[in-house]
Protein chains: 2
Amino acid sequence: MAANRRPTLADVAREVGVSAKTVSRVLNEDGPASAQTREQVLAAVAKLGFQPNLMARNIRVGGPDTTIGLVIPDLANPFFGAVARAIEDTVRERGLTLLMGSSADDPDRERALTDKFLARRVSILIVVPSVGADHSHLKPHRATGLPVIFLDRPGVGLSTDSIVSSNRAGAHDGVAHLVAHGHRRIGFVGDLPTRLYTRRERLAGYRSALQEAGVPHDRSLIADAHDQQGAEAATARLLGLADPPTALFAGNNIMALGIVAELARTKRKDVAVVAFDDVSLAEALEPALTVVAQDAEALGRTAATTALARLDGDRSRARTTTVPTRLIVRGSGEQRPA
Amino acid sequence: MAANRRPTLADVAREVGVSAKTVSRVLNEDGPASAQTREQVLAAVAKLGFQPNLMARNIRVGGPDTTIGLVIPDLANPFFGAVARAIEDTVRERGLTLLMGSSADDPDRERALTDKFLARRVSILIVVPSVGADHSHLKPHRATGLPVIFLDRPGVGLSTDSIVSSNRAGAHDGVAHLVAHGHRRIGFVGDLPTRLYTRRERLAGYRSALQEAGVPHDRSLIADAHDQQGAEAATARLLGLADPPTALFAGNNIMALGIVAELARTKRKDVAVVAFDDVSLAEALEPALTVVAQDAEALGRTAATTALARLDGDRSRARTTTVPTRLIVRGSGEQRPA
DNA sequence: TTGTATGCGTTATCAC
DNA sequence: GTGATAACGCATACAA
């Protein structure tokens, strides 16, 4: 009932009648130890329920902690969930534990999280940079050997490894796919803020595909939204234009949800859609949703392996790894304009 | 370039020409300090980029660490992602950081995670128990005041707070809804293993609804699957029966994805469906998916607030909080049998 | 207002 | 084989 202290090495030592060091030796299989003491120590450990205090151990050993700090925009976004799982799967065998937090794409929250992680002496830092965040404060940490990886977007003010999707090429392919099916008025529903790297890159891919097709740029076909509800409204606005688009391109998975929901609500089946990033049930929609799929698993795994290589002493210069996207043709993107 | 040591209190003290304790005082706004030294210390801290080592601080202070350990089956499952976000949102203002891991519903992995978290002296432990896991090893920890919360399912071998959805009542309502629309042959597609608490409870709700309606139990209408692909196969099997079901009940979100995907693939629109747990794009399906929605946000928030109350000294006896589910009528559950 | 001694729980060093 | 002692980075207690 009482809030008793957790047992320490000294408690175990006292129980057995040996020194703390001996207990430490047995547990870490460090120096030699007689079978007898060995038995007794292990018995006492089990009896008292002793677990070595990892924080105390780490402070003594001095090295970085066996944790990996991960900052993502939103724990509930399935895309980042899949990325996080891939990272965890990759680092688990190394015994690293995940320290996670959502930045909500707010630079201040991102900074608060990275500061906390650094104060905990994480051995690796993986960050999905927020718009407006500056990462020069991480320079000294990188200089002392801390692997820092930017994920999904490049960071600002720090030269380090980045892992990104082929945003521009992927969006280009998706829009070119719509063009190939006869569309010339193609709406773009992107997330906010407009300065967001992925948004900018994907919009650039959208533009280049239209340019190649000789379609003049029409600013009124570009819409923005913060969330699914916003994307629904943006879709309604685009389709309400005097000269409305015959096709829509979704800038990310959340925008895709909004577009699809709005089209379903208004029973519009005549609008072609291609989405950047896959969503569940895409095949079950009518028409099924054509997407430019990102490889969340590869993004996470690559980020983790790159970081582990750095941890193992890889001192080569910072590099950006681009994970390819893949156009998955399912129906919605192959509809022709009326 | 070199792997320099991170600066310590002593480094800052040396830089300024004061004692370590003085630096500590300034940073923690502990005792008094002259404006002069204050300035100098802060300047040196900024110059050296000093960040107090949270682990060292914690080991000295003795209390639990400012982390909260969270074990969930799968980081990539949107349901648990939403739960995790709610927990994070609730504990953030208390300055707690999330230590997370996926158990993959494997008792050994769960144990490995909880052991790691305990070795890190987390101040709160929230666990989604795996099937077959025994939690009696957490007893001494709970006795020393560590708040332990079971989430989504009750744990075994430890009496402590649990937060669960109204699984049985929710499933009952969903199936009764199908019965009310004329169905008497209703298939159940549940996850595995069959011993899983949520699965058992939901199946019990299914059975009681059928019993109330006077429908005899038919074991051949119960199917199982591990994942979405399995659920698709299970759906195909059920619909291939000599006397097939006219309606299907999905035991969780993943099973729902499988059922919907399979029905879409085979263009079956005549089968009524109600799913336990909501999925994105449910409204955009044809017919839109009727669900028994869980309140992931409330589950996470309640788990967190319960844990925080314990941390603040709440010594009342362990209680189970049931978070209500809500039937959302959208179309698929209102179809009548042929 | 500031410094010294001491201790948190662990491991490294070196002696026995 | 085993143990005493110091040390990790910080905070508490007390003295100056």
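Because the structure is a prediction, the values reported are computed rather than measured. In what follows, chains carry the letters A, B, and so on, assigned in the order in which the sequence lines appear, proteins first and then strands, with residues in each chain numbered from 1.
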- Nucleic acid contacts - residues 18-49 of chain B versus DNA chain C, non-hydrogen atoms under 4.0 Å: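 Heavy-atom contacts with DNA chain C come from B/V18, B/S19, B/K21, B/T22, B/R25, B/P32, B/A33, B/S34, B/T37.
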Could you give the [atom1]-to-[atom2] distance, from [X] to [N], as a whole number of Å?
X	N	atom1	atom2	result
A/M55	D/dG9	CE	C1'	13 Å
A/D65	D/dG9	CG	P	14 Å
B/I59	D/dT12	CD1	P	14 Å
B/Q51	D/dC10	CD	P	11 Å
B/R57	C/dG9	CZ	P	17 Å
B/N53	C/dC8	CG	C1'	13 Å

- Query: Would you say the side-chain atoms of A/R153 pair up with the backbone N or O of A/P129, donor to acceptor, closer than 3.5 Å?
  - Reply: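 Side chain of A/R153 to backbone of A/P129, a donor-acceptor pair under 3.5 Å: yes, one is there.
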- Message: Treating A/E110 as the side-chain partner and A/S130 as the backbone partner, does any N or O pair qualify as donor plus acceptor under 3.5 Å?
- Response: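 Yes: the side chain of A/E110 pairs with the backbone of A/S130.
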- Query: Below 4.0 angstrom from OP1 or OP2 of D/dA7, is there any side-chain N or O of A/R60?
  - Reply: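 No, no such contact exists.
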- Across the strands shown, which category fits B/L9 at heavy-atom distances under 4.0 angstrom: base, sugar-phosphate, nothing?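 Sugar-phosphate, backbone atoms only, no base.
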- Task: Take atom NZ of A/K21 as the centre, draw a 6.0 Å sphere, and report whether it contains more than 12 heavy atoms from other residues, nucleotides or ligands.
- Result: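 Yes, the 6.0 Å shell around NZ holds more than 12 heavy atoms from other groups.
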- Query: Would a 4.5 Å heavy-atom cut-off, applied to side chains only, mark A/L118 and A/L138 as touching?
  - Reply: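 The answer is yes, as the side chains (C-beta and beyond) meet within the 4.5 Å cut-off.
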- Message: Could you check whether A/D65 pairs with A/R120 (Lys NZ or Arg NE/NH1/NH2 to Asp/Glu carboxylate O, under 4.0 Å)?
- Response: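 The answer is no: the pair does not qualify as a salt bridge.
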- Task: Look at B/D11 together with B/R14 and state whether they make a salt bridge at an N to O cut-off of under 4.0 Å.
- Result: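 Yes, B/D11 and B/R14 are salt-bridged.
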- Query: D/dG9, C/dT10, D/dT12: which one has an atom nearest the side-chain heavy atoms of A/F50?
  - Reply: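 Output: C/dT10.
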